[in-house]
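One structure is given here, and the rest of the page talks about it.
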Amino acid sequence: MPRPIQAHIDLNALESNLHIARRATSARIMAVIKANAYGHGLLRAAEALAEADGFALLDIQDAVRLREAGYRQTLLLLEGFFDAQDLALVAEYDLSCVVHSVWQIALLDAYPRRAALDVWLKVNSGMNRLGFAPGRVAEAMEALRRHAAVREITLMSHFSDADEARGVSGQLELFNEVVSAYRGARSLANSAALLRYPATHGDWVRPGIMLYGASPFAEVSAQSMGLKPVMTLSSRIIATQDLSAGDRVGYGGLFCADRAMRIGIVACGYADGYPRHAPNGTPMRVDGQQTQLLGRVSMDMLYVDLSALPQAGVGSEVVLWGAGLPIELVAAAAGTISYELMCALTARVPVRM
Ligand SMILES: *Cc1c(COP(=O)(O)O)cnc(C)c1O
């Protein structure tokens, strides 16, 4: 029997979450599948999301794989091209590119062949990550418009606080002002803006996390928005230990029993992608009942509290996150976000559909 850990990827849930995005907007949907589709597997996610109007990702080789697999939608490279070689592939495979910096325009200028490239001009409206500063947009726009290799220009920006109290109004107003003089499609909204701020939808929305069934908001559950978890990480108990008061558990004795109790040893560790920094008390499910992590997560194993679960033992199923245990709760306990947990799933974890 193989080591019992597995990630179950529910492709029906992925498709159903796309429908929720669809019902929330009349804009075209650019499904964000960067980082191996947030850890869910690029090609299998694309297949479940095949009704999307486009896909956004980072790696040009992944975009090429999608084209070669037959996807004809818009494929957007979120960081654009990095060198002249990329540009040749961009032209050959008809990929759309974010253009966020002057050095990319210089690469375009040096590109020898005529082509018909669709570019997404990125405006820095306040996130200060990628994009032209508001005062530089006119210049960049001018350069792209007169460029022989450029076909269509879409105007885009990205929000820093769509999921937070600060919201989007400042960035939205600035963006609208900066681009008001130009025609061309607009794209701003990530999952949080798609769900909360219809005024940001424009022509293309770019949902990521909601498609994978996690809430972008700390205070609103995915379930309450009809989103279904796509990834369930589960394993089994492979040993148990009986503790007496004063016994310590694991490296550094991070947990110390204050009474007699029983714990289970779970075949899952940080080498599978479970966060090592998850503290005592991080939620976990054993045989369908909620319990908690105890002690420090090891490379290949972790400890679960079985005090309230006398029936549980070797072979009991343990859900680390997913069905019945929202990944956001585990992430919050571990001081991170669902995105990071999903992406961190490692290659050694067998995936089942
Ligand atoms: C990752 C990303 C998104 C998707 O964000 P979610 O919060 O996962 O919906 C959208 N746009 C850009 C530019 C991104 O980098």
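Every value quoted in this text rests on a predicted model; they were computed, and no experiment measured them. Both ligands and their constituent atoms are indexed starting at 1 by order of listing. Sequence positions, counted from 1, serve as the residue numbers for this chain. Atom set for the values below is all heavy atoms of this structure, side chains included, hydrogens, waters and symmetry mates excluded.
For the 3.5 Å distance criterion, the side chains of H158 and R206 qualify, holding a donor opposite an acceptor. A side-chain N or O of R352 and one of Q6 form a donor-acceptor pair less than 3.5 Å apart.
Atoms of ligand 1 found under 4.0 Å from any heavy atom of Y339 (numbered from 1 in listed order, with element): 6 (P), 7 (O), 8 (O). Numbered from 1 in the order shown, with element, the atoms of ligand 1 that lie under 4.0 Å from a heavy atom of Y38 read 1 (C), 4 (C), 5 (O), 6 (P), 8 (O).
Paired with F132 under the rule side-chain contact (heavy atoms from CB on, under 4.5 Å), one option of V123, V137, N124 passes, and it is V137.
Counting heavy atoms under 4.0 Å from ligand 1, residue K34 touches it through the side chain alone. Heavy atoms of R206 found under 4.0 angstrom from ligand 1 belong to the backbone as well as the side chain.
The closest approach between any non-hydrogen atom of R129 and ligand 1 is below 4.0 Å.
A salt bridge does not link R65 with E68: every distance from a Lys NZ or Arg NE/NH1/NH2 to an Asp or Glu carboxylate oxygen is 4.0 Å or more. Looking at D94 and R151, a side-chain N of the basic residue comes within less than 4.0 Å of a carboxylate O on the acidic one, giving a salt bridge.
At under 3.5 Å, not a single nitrogen or oxygen of P207, backbone or side chain, sits near a nitrogen or oxygen of ligand 1. Considering backbone and side-chain N/O of M156, none are found under 3.5 Å from N/O of ligand 1.
Scanning all protein heavy atoms for the shortest distance to atom 9 (O) of ligand 1 gives S191 OG, 2.5 Å.
Residues forming a salt bridge (charged side-chain N to carboxylate O under 4.0 Å, His left out) with E317 (at least two apart in sequence, or on another chain): none.
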